[in-house]
Amino acid sequence: MADTTDVIVAGGGLIGASIAREMRRRGLHVTVVEAGGLHGTASRAAAGMLSPFSEVAGIDPAFETLAAASLDRFPAFARELAEESGVPVEYRSAGKLQLAFTEGEAAHLRGRADAGDAARYGVEWLAGDALRALEPALSSRVLGGLRIDRDASVDNRALVDAAVTAARGAGVHWLEGARVAAITLDSASNPSRSTGVLLESGTRLAAEVVVIAAGCWSGRIAGLPAALPVRPVRGQMMAVRLPGPFLEHVIMTAQCYLVPRGDGRLLIGATLEEAGFAVGPTPGGLATLALAAAEAAPRSASLPITESWAGYRPGTPDGRPLLGWHPHVANLLLATGHYRNGILLAPITAEIIAALATDTPPPVPIDAFSLARFDQDTHG
Ligand code: GLY
């Protein structure tokens, strides 16, 4: 296997699987190393919201350009993965309602609706009664809010399954149950080059190019000039079973979000905790979510909980992902640190990383996402 592998991808979540599939489509021989242990990985723990407007618009123009490009690609990406895998992925373009309960929140959201980027996402301010006409389950305490027409959602667990199946179907070699412990380096070359990876089992795998797509575990991969600045940011979530029609839109408040699924579940998320890799969920985390959900949609409080879980977002010091060539290891690609937006950013990340690996220009500017921005902290 080692002598037919051009590329090793460390991490087989949605990002790693999407990259591997895209590289394979461009003719590369790819091996993905995936630890497994599915819960706790960000791709499966996420809610599947595709929300550039709420997450990055008006805050970070470079990030918004990246996120908007990925949102544009999502319908085709989801359709192709579903077709290639036979796994339905429930891409929904019903939009999102972002709610205000106080005059302060209302003023903030009205300002967002008037900002220059709002038209691009089909954003309009609606009064409370207009929101309740759209979604009768909403509380009478909702003062008003934004309707964000272009926001979408996807069943992220199905999407990961689809991406893995599509990648494997395209001929990607999938090494399940193995974790990359270290990048192996040829330090005699200048700049250093990676020779491949060392697995936790002690096995060495050789490759021409290595990609780190290991999410929150990326910061633990040894062998680099400095550890990658990626840390876990815990998110707790739960799912409740709906008695019948309840919500059409994704709902967001300052405290929580509610994401309806076609299988009759409502996802309620998510805490944002600097708890390291501490195991969750916790009673306190779930209680916070339950109260926040009930503030938006009171009847949610009496619905049966079917599942609760915790995942670990891969956070970076500035909240932007790490994308592109490692500045000090010539043939090492980074595709990690996607923090709150890993599902949304999968299609554009796959295109960027596959383009770089095949010596073609990336489809959008990526300088803002280089590890070099942290150079004082991560080198020398
Ligand atoms: N994308 C939402 C979250 O990370 O909770």
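Only heavy atoms go into these numbers, but all of them, side chains included; no hydrogens, no water, no symmetry mates. Both counts, for ligands and for their atoms, begin at 1 and track the order of listing.
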message: For Y339, which part has a heavy atom under 4.0 Å from ligand 1: side chain, backbone, both, or neither?
response: neither
query: Should the pair F63 and F369 be assigned to parallel (<30°), tilted (30 to 60°) or perpendicular (>60°) ring geometry?
result: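 Because their plane-to-plane angle is over 60°, the rings of F63 and F369 count as perpendicular.
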- request: Measure the acute angle between the ring planes of Y121 and F53, then classify it against the limits of 30° and 60° as parallel, tilted or perpendicular.
  value: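 Rings of Y121 and F53: tilted, 30 to 60°.
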Looking only at protein heavy atoms, which one is nearest to [atom], and what is the separation?
atom	result
atom 3 (C) of ligand 1	Y257 OH, 3.3 Å
atom 1 (N) of ligand 1	R340 O, 2.7 Å
atom 4 (O) of ligand 1	R313 NE, 2.6 Å

query: Any sub-3.5 Å donor-acceptor pair from H249's side-chain atoms to I251's backbone N or O?
result: no
T165 side chain to A162 backbone, donor-acceptor under 3.5 Å: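 It does not hold such a pair.
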Salt bridge (charged side-chain N to carboxylate O under 4.0 Å, His left out) against E124, all qualifying residues, sequence neighbours excluded: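 For E124, no residue satisfies salt bridge (charged side-chain N to carboxylate O under 4.0 Å, His left out) once neighbours in sequence are set aside.
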query: Can you list the atoms of ligand 1 that are under 4.0 Å from a heavy atom of A270?
result: 5 (O)
